[in-house]
Amino acid sequence: MRTLALSDEILMSVEKPARYIGNEINMVTKDLDEVDIRFCMCFPDVYEIGMSHLGIQILYDMFNQWEDTWCERVYAPWPDLDKIMREKKIPLFALESQNPVRDFDFLGITLQYEMCYTNILQILDLSQIPLHAAERTWEDPIVIGGGPCTYNPEPIAEFFDIIYIGEGETAYRELLDTYKTARRENHDRLSFLRMAAQIEGLYIPQLYDISYCEDGRIEEMRPNCPEAPARIRKQVVTDLAETYYPSKPLVPYIRATQDRVVLEIQRGCIRGCRFCQAGMIYRPIRPRDLEFLKKRAIEMLDNTGYEEITLSSLSSSDYKELPELVYFLIEECRQRKLNIALPSLRIDTFSLDVMSKVQDVRKSSLTFAPEAGSQRMRDAINKGLTEEVILDGAWKAFQGGWNRVKLYFMLGLPGETDEDIAAIAELADKIAATYFELPKEERHGRPEITVSTSFFVPKPFTPFQWAPMGTAEYFEEKRKFLTRKVREQINQRSIRYNCHDAVTSELEGIFARGDRRLSVVIEKAYKKGCIFDAWTDYFQPEAWNEVLDECDVDREFYNYRERERDEILPWDFIDVGVSKEFMWREYEKAKRGEVTPNCRAECSGCGAAQFGAGVCVEKRGGGVQ
């Protein structure tokens with residue numbers, strides 16, 4: 001019988017005890033005597049965030065379809081329970097069996113954003129697993145990292161035995177079989193890692209040595225054994241038509257961030273925004289089959305009891321069969337008295353027709369993401385939106401009965417001027433003015449325009465990976481400037497402005513493009529008590545600054561300088577399909593303010609055609625067949 005790892009007394013003393021007891025709807029249990037491998041899947045943030053992560057839901061379903069494997073889950077304990085577990089020396093445990101994580105064969109950690117890095121060490125520490133991969137034995141799980149941050153894993157490389165580069169559906173089966181062979185044949189741990197290094201997509205940090213130039217740049221990164229390849233090729237599911245996707249997703253007993261059925265309609269993006277890492281690393285675009293999506297939508301609604309469904313992709317409007325899918329879901333939800341949560345769609349006749357049919361949609365706001373206020377900057381980042389299109393979309397939305405609009409922008413983009421920032425306030429004012437062009441009898445109160453800005457953080461595998469990043473002081477100066485400009489607008493009473501934290505963005509930038517020497521920084525910050533850095537209430541900027549100073553971290557080197565074209569970047573050993581030459585061309589075009597057409601309009605030769613999927617196989621010679 002399953003015994004809870006925490007007593008009733010402890011559970012009743014912490015916030016939201018349901019985070020730790022498991023037993024959710026559709027949770028999978030297995031007989032330990034019937035499985036060969038125990039895999040614990042971890043999201044290193046609070047339960048409500050982790051339970052909303054689609055990637056873990058997909059892998060949880062995939063692993064548990066295999067008879068020889070039992071996949072369980074663990075999330076980062078909130079600070080109240082963290083304190084108790086340390087005081088009482090309670091090891092971190094998995095939700096399904098309530099067994100210690102250290103008893104598992106594998107611990108797979110999703111690396112979704114840089115500000116969760118200290119939580120990785122929290123997970124390892126509470127699990128009583130050595131922080132450094134080189135110090136682990138067969139008494140410890142194999143620790144694997146996956147997710148977007150693995151596209152530059154170097155700042156956290158020393159904490160992982162294996163880094164999985166790419167989409168999880170492809171190589172895990174071979175890895176688990178290799179592990180079973182290694183244990184059966186009594187190989188030592190390092191021998192197993194050398195065997196794993198021969199599986200495409202797996203990076204074993206211990207098997208690589210790095211040397212540095214006197215100026216701090218990387219001189220060379222080379223394998224230290226014959227089994228390790230010089231380059232790691234990302235894993236891609238080329239055909240999403242009938243691949244793994246849960247028909248019975250996990251349903252928590254407390255409200256999660258994504259508290260609805262999530263239907264992933266495609267992967268990849270055709271747009272080519274130059275700041276967007278996801279748009280590059282997930283190329284090429286690959287749609288799911290329409291009939292598969294219809295079937296899965298009904299199954300998930302039946303098996304979860306959710307009252308809402310949403311679509312997931314980087315650009316849902318680019319899914320070719322979107323009208324057929326959405327109208328099917330509208331009818332299905334109408335019969336079931338359920339709601340559809342629409343993703344951000346391009347505002348056109350179809351979108352407005354859809355939104356007018358969806359229950360309760362007029363109670364929410366519409367979202368636009370121009371990213372930059374001026375056309376000059378929108379061209380530089382290759383956003384593909386003109387002011388005319390934005391204002392026309394707003395006008396159609398206002399005509400359709402909406403009066404609340406959210407606008408998302410970035411401050412600190414390469415080449416940005418004060419005029420470009422002022423254009424953000426001016427565009428918001430023009431949108432508000434568009435509302436007042438409606439006859440009075442058609443208005444629904446005053447318009448509510450919310451302008452939100454984040455700070456530009458250059459990311460690996462984007463054309464801006466060479467670009468300098470602004471300082472926290474620069475960001476604050478630009479935030480104050482934009483605040484003044486918003487107040488100067490005629491329709492200022494209709495415009496609300498909020499902004500992301502500058503210090504957090506600066507730290508995110510250091511780790512986004514950092515190298516392996518930063519692991520000591522993360523470890524020291526963790527030992528100073530830094531966890532849940534993505535949460536404003538727990539982020540400790542003073543502690544982080546102390547650690548950066550103690551470790552002599554050069555902010556200029558990691559953030560503020562422009563990289564040279566021939567510089568070896570920490571992530572250059574990874575092959576994502578999109579070539580470095582293409583990204584440099586795009587960086588040069590950004591400086592000239594030149595636009596690159598989307599993939600369906602014209603092939604730009606990025607290199608993703610090597611995967612033989614999506615638009616890349618639809619196109620020949622630059623035209624759409």
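With hydrogens and angles left out, the side-chain atoms of Asp61 and Gln65 include a donor and acceptor closer than 3.5 Å. Donor-acceptor pairing under 3.5 Å is recorded for the side chains of Ser313 and Ser316. A side-chain N or O of Glu72 and one of Ser97 form a donor-acceptor pair less than 3.5 Å apart. Looking at Asp31 and Trp70, their side chains never bring a donor and an acceptor atom within 3.5 Å of each other. Under the 3.5 Å distance criterion, with hydrogens and angles disregarded, no donor-acceptor pair is assigned to the side chains of Arg260 and Asn339. Judged purely by distance below 3.5 Å, without hydrogens or angles, the side chains of Gln122 and Asp82 pair a donor atom with an acceptor atom.
Note on Lys30 versus Asp68: no salt bridge recorded, every NZ/NE/NH1/NH2 to OD/OE distance being 4.0 Å or above. Taking 4.0 Å as the cut-off between side-chain N and carboxylate O, Arg184 and Asp36 do not count as a salt-bridged pair. With respect to Glu332 and Arg336, a salt bridge is recorded, a charged nitrogen being found less than 4.0 Å from a carboxylate O. Under a 4.0 Å N-O distance rule, the pair Asp80/Arg19 does not qualify as a salt bridge.
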- What do the steps show when you test Phe455 against His500 for ring-ring contact (aromatic ring centres under 6.0 Å, His included), and what is the final call? CA-CA 7 Å; Phe455 296 112; His500 190 64; 7.1 Å; no

- Task: Take Lys180 and Glu185 through the salt bridge (charged side-chain N to carboxylate O under 4.0 Å, His left out) test and state the conclusion after the steps.
- Result: CA-CA 9 Å; Lys180 288 165 65 174; Glu185 296 178 356; over 6 Å; no

- Item | Chi angles and distances behind the ring-ring contact (aromatic ring centres under 6.0 Å, His included) call for Phe39, Tyr172 | CA-CA 11 Å; Phe39 198 111; Tyr172 267 119; 5.7 Å; yes

- Task: Take Glu114 and Lys459 through the salt bridge (charged side-chain N to carboxylate O under 4.0 Å, His left out) test and state the conclusion after the steps.
- Result: CA-CA 11 Å; Glu114 291 83 1; Lys459 291 296 177 90; 3.5 Å; yes

- Task: Go through the steps for Phe159 and Tyr117 under the test ring-ring contact (aromatic ring centres under 6.0 Å, His included), then give the verdict.
- Result: CA-CA 10 Å; Phe159 309 129; Tyr117 284 173; 8.8 Å; no

- Take Met469 and Val457 through the side chain to side chain contact (heavy atoms under 4.5 Å, CB included) test and state the conclusion after the steps. CA-CA 7 Å; Met469 179 178 168; Val457 177; 3.8 Å; yes

- Task: Report the C-alpha distance between Arg136 and Asp161 in whole Å, list the side-chain angles of each, state the deciding distance to 0.1 Å, and finish with yes or no for salt bridge (charged side-chain N to carboxylate O under 4.0 Å, His left out).
- Result: CA-CA 9 Å; Arg136 295 178 195 138; Asp161 298 296; 3.0 Å; yes

- Task: Please lay out, stage by stage, how Ser127 and Leu124 fare under the test side chain to side chain contact (heavy atoms under 4.5 Å, CB included).
- Result: CA-CA 5 Å; Ser127 299; Leu124 296 173; 5.7 Å; no

- Task: Evaluate salt bridge (charged side-chain N to carboxylate O under 4.0 Å, His left out) for Glu158 paired with Arg516, printing each intermediate quantity in order.
- Result: CA-CA 8 Å; Glu158 292 192 7; Arg516 201 175 292 192; 5.4 Å; no

- Give the intermediate values and the outcome of side chain to side chain contact (heavy atoms under 4.5 Å, CB included) for residues Ile309 and Cys333. CA-CA 9 Å; Ile309 187 170; Cys333 289; 3.9 Å; yes

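Between Tyr179 and Phe192, the ring planes lie perpendicular to each other; the angle is over 60°, past the 30° to 60° tilted range. Relative ring orientation between Tyr538 and Phe532 is described as tilted, the plane-to-plane angle lying within the 30° to 60° band.
The local environment of NZ in Lys248 is sparse, with at most 12 non-hydrogen atoms from other residues, nucleotides or ligands closer than 6.0 Å. Within a 6.0 Å radius of CD in Glu550, other residues, nucleotides and ligands contribute more than 12 heavy atoms. Few gaps surround CD on Gln335; more than 12 heavy atoms of other groups in view lie less than 6.0 Å from it. Heavy-atom contacts from other residues, nucleotides or ligands closer than 6.0 Å to CZ of Arg173 number more than 12. For Asp8, the CG atom counts as loosely surrounded, since its 6.0 Å shell holds 12 or fewer non-hydrogen atoms of other residues, nucleotides or ligands.
By the side chain to side chain donor-acceptor pair (under 3.5 Å) test, Asp515 pairs with Arg517, Tyr558, sequence neighbours left out. Applying the side-chain contact (heavy atoms from CB on, under 4.5 Å) test to Thr170 and every residue at least two apart in sequence or in another chain returns Tyr164, Gln235, Val237.
With contacts defined as side-chain heavy-atom distances shorter than 4.5 Å, the pair Arg194/His187 does not qualify. In this structure, the side chains of Ile90 and Leu126 stay at 4.5 Å or more apart for every pair of heavy atoms.
If you run side chain to side chain donor-acceptor pair (under 3.5 Å) between Glu48 and each of Gln258, Lys16, Arg255, only Lys16 comes through. Considering Tyr75, Trp78, Tyr20 as possible partners of Tyr47, the one that fulfils the ring pair (Phe, Tyr, Trp, His ring centres under 6.0 Å) test is Tyr75.
Under a cutoff of 6.0 Å and an axis angle of 45°, Arg267 and Tyr282 do not form a cation-pi pair. A cation-pi contact links Arg183 to Trp138, judged by a cut-off of 6.0 Å to the six-membered ring centre and 45° from its axis. The side-chain tip of Arg73 points at the ring of Tyr60 from less than 6.0 angstrom away and within 45° of straight on.
Distance check: Ile163 CD1 to Leu111 CG gives 6.0 Å after rounding to the nearest 0.5 Å. Once rounded to the nearest 0.5 Å, the distance linking CE of Met51 with CG of Asp259 reads 9.5 Å. The CE atom of Met410 sits 11.5 Å away from the OG atom of Ser505 when rounded to the nearest 0.5 Å. A distance of 12.0 Å separates CG in Asp125 from OG1 in Thr118, rounded to the nearest 0.5 Å. Here the CD1-CG distance, from Ile25 to Leu250, works out to 10.0 Å after rounding to the nearest 0.5 Å.
Here the two rings, on Tyr113 and Trp535, have centers that are 6.0 Å apart or farther.
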